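What follows is a set of notes on a single structure, which appears directly below.
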Amino acid sequence: MVSAGRILLIEDDPGIVMTLRRVLAEENYEVVVETRGDAGLQRARAGGFDLVLTDMKLPGVSGLDLVRELHAAHPRLPLILMTAHGTTETAIEATKSGAYDYLLKPFEMPELLQLVERAVTSRRLMTEPVALGASPAEPSGSVLVGNGRLMQVIYKEIGRIAAKPLNVLIRGETGTGKELIARAIYQHSERAAAPFIAINCAAIPETLLESELFGHERGAFTGAETRRIGRFEQADHGTIFLDEIGDMTPGTQVKLLRVLQEKTLQRLGGKEMIPVDVRVLAATHRDLESAIRQHQFREDLYYRLSVVVLTLPPLRERKEDIPELVRFFLRKYAAELDAGNPSVHQDALELLQNQSWPGNVRELENVVRKVLLLAQGYTINSEHVAAALTHPPAAADVGQKSLREFVGELLSAAQRGELDDAHARLAQAAERELFSRAIELAHGNQARAARWVGVSRLTLREKLHQFGIHPAQGSGGA
């Protein structure tokens, strides 16, 4: 299995080193250890790491001095500071010096793993280049595939706006590549050496999103035992990507609007006004104009976010790109699925081009993966494609529609006498979606996906096998 990331651990306590090394290795991280601050600084300067995890008190160079020097040399390398002597001053100084975050000892391992994963993901989003319109012979990194007329317009627009200090609203259906567009804008901007932090507003519970964005002070709410720096402070002088902005609650919308207007924020429970300089890229698949009319989204916030609007075309409107996309995904998954060097008949490509693709590029990617399994190394023809596209209601991609719509389909089929086990099919479809999304978000890391779902790794593997889900090693793509 591909490493989840390379971590430099700088810690002089043998017991902590042994524990962290074991726990991180179980999550498929490669861990390099240094016991002195000066040696750790020298090793980190040489590069090759996705994260530096350092203690505060070290022989040679202190953790705080290490953070200052290393952040100046490698501003896009996340640095997490561990300390048993946490104070308000420590938190402020660590963040001001460039630390991605800090942990107070003793800490719980799930807290550490969650923070490490978040930091490594942030590093990947900042450093993995997004190629525009390319279709390399050996797919690697993240690629926006397609050179059709509509995508050429998008690429030109990215070139026009990337270097300008403007907020951008990226619109498009689910699966059209909104995060890749945001990363491309960031990487071609003047803030490319500063942090890029991505947040899915729909994936974080309403009660936690405000704290996640703006931070909180100790005692701000039950369980707030320490001060927490929010994502806006972490992204200072950089870029923040707010995915699914249409799902943000009205209360959080008000606070976000204040940050955009005044370029300052208040942590939850705090009184201090903290200046922040952050470029905001937002994305949504929702009809925000309709949400404004229904008083679900603030009109003044909409105008602040939509200084520039990029609307990504759905796949059904750029079908000329489908053959190139199919060949790209075939190359991407052929080695993973031990499928050799697959070729595809023209009739299979034409069948794929004739689909409506409600799930867009993401749906096409999943179908290509299924086709590779069905073809078993032979030339892919229209029969393989038809088999991959045909499924009963219970196997439908429940993630592409609302629960109400999916239940409606099942009950309609039951009324027509086509099935008599709607309850079992609904449970199976929901379970399949849960395990499929978990392994996708974990980039193929089965231990991490199992922990998120709340099952053992053995159970996870059994479910992946049951549903024919291959543990993908990443979700980058068009």
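None of these values were measured; they are calculated from a predicted model.
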### Query
Can Ser290 and Gln294 be counted as having a side-chain donor-acceptor contact under 3.5 angstrom?
yes

#### Entry: Ring center gap for Phe297 and Tyr302 short of 6.0 angstrom
no

### Message
With a 4.5 Å cut-off on side-chain heavy atoms, are Leu144 and Tyr155 touching?
### Response
yes

### Query
How far apart are the closest heavy atoms of Glu233 and Phe214, and which atoms are they?
OE2-O, 4.2 Å

### Query
For the side chain to side chain contact (heavy atoms under 4.5 Å, CB included) test, which of Leu166, Val168, Ile245 pairs with Leu281?
Val168

### Message
Any donor-acceptor pair under 3.5 Å linking the side-chain atoms of Glu173 with those of Asn360?
### Response
yes

### Task
Test Leu9 against Val32 for side chain to side chain contact (heavy atoms under 4.5 Å, CB included), laying out the working first.
CA-CA 6 Å; Leu9 172 61; Val32 176; over 6 Å; no

### Query
Any idea which heavy atoms bring Leu51 and Leu77 closest together, and the distance?
N-CD1, 3.8 Å

### Message
Could you tell me if Gln296 and Arg286 have a donor-acceptor pair between their side chains, going purely by distance under 3.5 Å?
### Response
yes

### Task
Could you go through the salt bridge (Lys or Arg N to Asp or Glu O under 4.0 Å) check for Glu320 and Arg149 one step at a time?
CA-CA 9 Å; Glu320 69 272 22; Arg149 178 180 54 84; 5.8 Å; no

### Query
Do Arg43 and Leu8 pass the side chain to side chain contact (heavy atoms under 4.5 Å, CB included) test, and can you show the C-alpha distance, the side-chain angles, and the key distance before you say yes or no?
CA-CA 8 Å; Arg43 178 71 74 96; Leu8 175 61; 4.0 Å; yes

### Message
Under a 4.0 Å threshold between the charged nitrogen and the carboxylate oxygen, would Asp277 count as salt-bridged to Arg191?
### Response
yes

### Residues Glu289 and Arg293 bridged, charged N to O under 4.0 Å
no

### Message
Can you confirm whether Asn147 sits close enough to Met151 that some side-chain heavy atom of one is under 4.5 Å from a side-chain heavy atom of the other?
### Response
no

### Task
Would you please test Leu426 and Val407 for side chain to side chain contact (heavy atoms under 4.5 Å, CB included) and show each step?
CA-CA 7 Å; Leu426 175 63; Val407 169; 4.2 Å; yes

### Message
One thing to verify: whether Arg160 and Glu157 come together as a salt bridge, which I'm taking to mean a side-chain N less than 4.0 angstrom from a carboxylate O.
### Response
yes

### Glu111 atom CD, over 12 foreign heavy atoms within 6.0 Å
yes

#### Entry: Pair Lys332 + Glu365: basic N to acidic O under 4.0 Å
yes

### Query
Would Arg118 and Glu212 pass as an ion pair if we require N to O under 4.0 Å?
yes

### Close side-chain approach of Val385 to Glu350, heavy-atom, < 4.5 Å
no

### Query
Which atom names give the shortest non-hydrogen contact between Ala375 and Ile380, and what distance separates them?
CB-CG1, 3.8 Å

